[in-house]
*Asks:* 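First the structure, then my questions, so here it is.
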Amino acid sequence: MSVVKPVRGTHDLIGEDSRRHQHVIQVAKKVTSLYGFEEWITPVFEETAVFARSLGETSDVVSKEMYCFEDRGGDSLTLRPEGTAGICRALVTNGLTQSLPQKAFYTGPMFRYERPQKGRYRQFHQIGAELLGTSTPFADAEMIAMGYHILRELGIADDVVLELNTLGDIASRKAWREALISYFQAFQSQLSEDSRNRLEKNPLRILDSKSPEDRALLANAPALKDHMTPEAQTFWDQLRVALDQFKIPFKENPYIVRGLDYYSHTVFEFVTTKLGAQGTVLAGGRYEGLVEEMGGPSVPSIGWAAGVERLALLLEESPKVAAPVVIIPLSNEVHDVAFSALQVLRYDGIYAEIAYKGNLRKQMERANKQNAPLALLIGDDEAQKQVVQVKDLISGEQAEVAITDLVTHCKMKLAK
RNA sequence: GCGGACGUAGCUCAGUCGGUAGAGCGCCGGUUUGUGGUACCGGUUGUCGCGGGUUCGAUCCCCGUCGUUCGCCCCA
């Protein structure tokens, strides 16, 4: 019989992988709660239109990476490729546009049909946060500070650089975009093929091209700063001052434009060099029209998302496995005492395991492998006297303890 | 979607200039009777990713395929 395989680009998280993954999510939940964020749990699939409209029809994610399917009722549904669109949809459907601002944290699987690589999967997991309904640059700074806080808490802040840019407001961007098109049109023949295709649709993307022929042209390309409206300029200035006040180090990078179409003003990426081509670890920006796309009012917002797998890969060390107190009954006849000891410990919140097979020596070996701090030996004599031998596996000391004192004694031992 | 590398025990990997394969780790058991961490002894496992071709014979060569991985692209 042939062995079934996991689907390409999916992976199982078991043991150490699971612990690392879980650790990232727990830290994110803890940190975001310090900033007033609550978890929103939204569906893994939505109507296709939710993503198609919001991410930009021409973006790669929409045009070639989505898992779309027709359900039995004939509706076109899509497994979410990212989290922001669903959050905006939920904001509108739940009438929360009446009570802004809203702070949403989310986590869960996302789906993109891409060529898998390390740190890049077809089903992957993100943590993300959206601050909906604020238009001040201080909100942007705080959101970035929150992202940084998580990286710091995970112990990877030093492996990562914050790259920051502004796309200006709509008016600035429009003027700049036109300037870019006319500039690059003059050099059309020198552009890479990809960039020639992008020229009309999304000329901003040429800016983060890696191809040398494009890069050569970038130096003299029109800069946004020459097209910024005074309002957009103020926003950008205030953001940078605020980041300094939050003491978040950043590097300005005028070439960050981001792949999803909905951004304006602030865009940023926390980038590492330790993951090869998959260096972006936490990224986001400000967006304005998204909630309107979902049929709501204009709700200026700022958000970011981070790849859980990528963060887990960067973790220096794996979270430890919990170590149990191990109860070793020396015969089936003492199960009476052993099981009640087991249950008393667990009811008191102590992680306890019981050994069923092997001789005492083997059981001790196993307890040692599990890193057990204590082994509780119960033989016929002990059962008779209603005591257990409590052996401290670190010091090697052993003491006879009455069953009635077991929990207190174990707690005292474990506290050390 | 494009280009390159790789695919051998649970894990990390060696190997066969083509004659069906090994090490370390792990796992199991033992070194006498109710006591671990060290040491010693013994044992354990593979359709050598899958399919086809060349060959007397392929895990080793060729082609395809699937998967992983690096870069591009894209992105978290």
Side-chain angles (χ1 to χ4, degrees), chain A residues 1-3 5-11 14-16 24 28 55 59-65 80-84 107-128 147 160 192-195 197-198 202 205 208-212 256-260 268-272 275-284 303-314 326 328-331 334 355 357-382 389-398:
Chain A
M1 201 166 67
S2 62
V3 180
K5 295 175 297 186
V7 173
R8 181 160 150 95
T10 66
H11 55 157
I14 297 172
E16 186 181 336
V24 170
L55 309 188
S59 70
D60 279 38
V61 169
V62 171
S63 59
K64 44 196 189 202
E65 294 176 1
R80 62 184 182 195
E82 57 100 52
T84 306
T107 177
M110 306 292 165
F111 306 84
R112 263 124 78 165
Y113 189 87
E114 292 183 277
R115 178 115 170 214
Q117 240 172 76
K118 185 164 63 177
R120 177 170 150 188
Y121 309 100
R122 289 184 174 180
Q123 176 176 333
F124 62 104
H125 299 79
Q126 288 188 332
I127 51 175
V160 136
S192 70
E193 193 187 328
D194 281 337
S195 290
N197 294 332
R198 289 190 279 232
N202 195 349
R205 291 217 58 84
D208 67 354
S209 166
K210 282 177 197 151
S211 84
I256 297 184
V257 297
R258 316 237 357 104
L260 307 178
F268 64 93
E269 299 183 356
F270 285 92
V271 180
T272 175
L275 292 176
Q278 280 67 242
T280 302
V281 126
L282 185 153
W304 52 250
V308 178
E309 285 83 353
R310 291 184 186 178
L311 293 174
L313 243 21
L314 289 173
V326 174
I328 302 178
L330 297 174
S331 74
V334 301
K357 67 169 205 196
N359 57 28
L360 177 53
R361 182 192 166 81
K362 288 297 158 198
Q363 292 176 330
M364 288 297 284
E365 271 177 20
R366 243 172 267 130
N368 194 55
K369 259 171 215 148
Q370 290 181 87
N371 262 316
L374 299 174
L376 311 191
L377 311 187
I378 304 170
D380 294 332
D381 296 348
E382 285 78 13
Q389 300 292 337
V390 178
K391 174 147 184 170
D392 182 324
L393 292 182
I394 295 152
S395 67
E397 289 163 21
Q398 187 165 317

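Naming convention: chains lettered A, B, ... in sequence-line order (proteins, then strands); numbering from 1 in each chain.
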*Asks:* Whole angstrom is fine here: how far is it from CD in A/Q278 over to P in B/U69?
*Replies:* 9 Å
*Asks:* So does A/R361 get a side-chain nitrogen or oxygen closer than 4.0 Å to the phosphate oxygens (OP1/OP2) of B/G36?
*Replies:* yes
*Asks:* So what does A/G396 hit on the nucleic acid, given a heavy-atom distance under 4.0 Å: a base, only sugar-phosphate, or nothing?
*Replies:* base
*Asks:* Check whether A/R310 reaches the backbone of A/V281 with its side chain - one donor and one acceptor, N or O, closer than 3.5 Å.
*Replies:* no
*Asks:* Just name whichever nucleotide pairs with B/G67, Watson-Crick or G-U, keeping both distances under 3.5 Å, else none.
*Replies:* B/C6
*Asks:* For a quick check of understanding: with a heavy-atom distance under 4.0 Å over all strands, which category does A/E65 fall into, base, sugar-phosphate or nothing?
*Replies:* sugar-phosphate
*Asks:* Please tell me which of A/L275 and A/T280 maps to the more 5' nucleotide of RNA chain B, matching each residue to the nucleotide holding its nearest heavy atom.
*Replies:* A/L275
*Asks:* Give none if B/G46 has no partner; otherwise give the nucleotide forming a Watson-Crick or G-U wobble pair with it, both distances under 3.5 Å.
*Replies:* none
*Asks:* Under 4.0 Å, counting only non-hydrogen atoms across every strand here, what does A/L313 touch: a base, just sugar-phosphate, or nothing?
*Replies:* nothing
*Asks:* What nucleic acid atoms does A/A367 come within less than 4.0 Å of, heavy atoms only: base, sugar-phosphate, or nothing?
*Replies:* nothing
*Asks:* Within the 4.5 Å heavy-atom criterion, are A/R120 and A/E309 side-chain neighbours or not?
*Replies:* no
*Asks:* Checking base pairs now: Watson-Crick or wobble, both atom distances under 3.5 Å. What partners B/C61?
*Replies:* B/G53
*Asks:* Return whichever of A/V7 or A/V308 has its heavy-atom-nearest nucleotide of RNA chain B closer to the 5' end.
*Replies:* A/V7
*Asks:* Could you work out the separation of B/G46 and B/A21 based on their P atoms and round it to a whole Å?
*Replies:* 11 Å
*Asks:* Quick one: pull up OG1 in A/T84 and CD in A/Q126 and give me the separation to the nearest 0.5 Å.
*Replies:* 8.0 Å
*Asks:* Identify whether any heavy atom of A/K369 sits under 4.0 Å from a base atom; if not, whether one sits that close to sugar-phosphate; answer base, sugar-phosphate or nothing.
*Replies:* sugar-phosphate
*Asks:* A/N368 has an atom CG; how far is it from atom P of B/G37, in whole Å?
*Replies:* 7 Å
*Asks:* Which part of the nucleic acid does A/E382 contact within heavy-atom distance under 4.0 Å: base, sugar-phosphate only, or nothing?
*Replies:* base
*Asks:* Taking CG from A/L377 and P from B/G34, how many angstroms apart are they, rounded to a whole number?
*Replies:* 12 Å
*Asks:* Report the relative orientation of the aromatic rings in A/Y121 and A/H11; use parallel for angles under 30°, tilted for 30 to 60°, perpendicular for over 60°.
*Replies:* parallel
*Asks:* Students often get this wrong, so: under 4.0 angstrom with heavy atoms, is A/G119 touching a base, only sugar-phosphate, or nothing?
*Replies:* base
*Asks:* What is the pairing partner of B/U32, taking Watson-Crick or G-U wobble pairs with both distances under 3.5 Å in any strand?
*Replies:* none
*Asks:* According to the Watson-Crick and G-U wobble definitions, with both distances under 3.5 Å, which nucleotide is paired to B/G1?
*Replies:* B/C72
*Asks:* Under 3.5 Å, is there an N or O donor on one side and an acceptor on the other linking the side chain of A/R115 and the base of B/G3?
*Replies:* yes
*Asks:* Can you tell me the Watson-Crick or wobble partner of B/U12, both distances under 3.5 angstrom?
*Replies:* B/A23
*Asks:* At under 4.0 Å, does any side-chain N or O of A/K391 touch on OP1 or OP2 of B/G36?
*Replies:* no
*Asks:* Write down the distance separating the P atoms in B/C48 and B/G52, rounded off to the nearest Å.
*Replies:* 14 Å
*Asks:* For A/G9, report the nucleic acid contact type (base, sugar-phosphate, nothing); a contact means any heavy atom under 4.0 Å.
*Replies:* sugar-phosphate
*Asks:* Within the 4.0 Å heavy-atom criterion, would you say A/F270 contacts the bases, only the backbone, or no part of the nucleic acid?
*Replies:* nothing
*Asks:* Answer with base, sugar-phosphate or nothing: what part of the nucleic acid does A/E365 contact at a heavy-atom distance below 4.0 Å?
*Replies:* sugar-phosphate
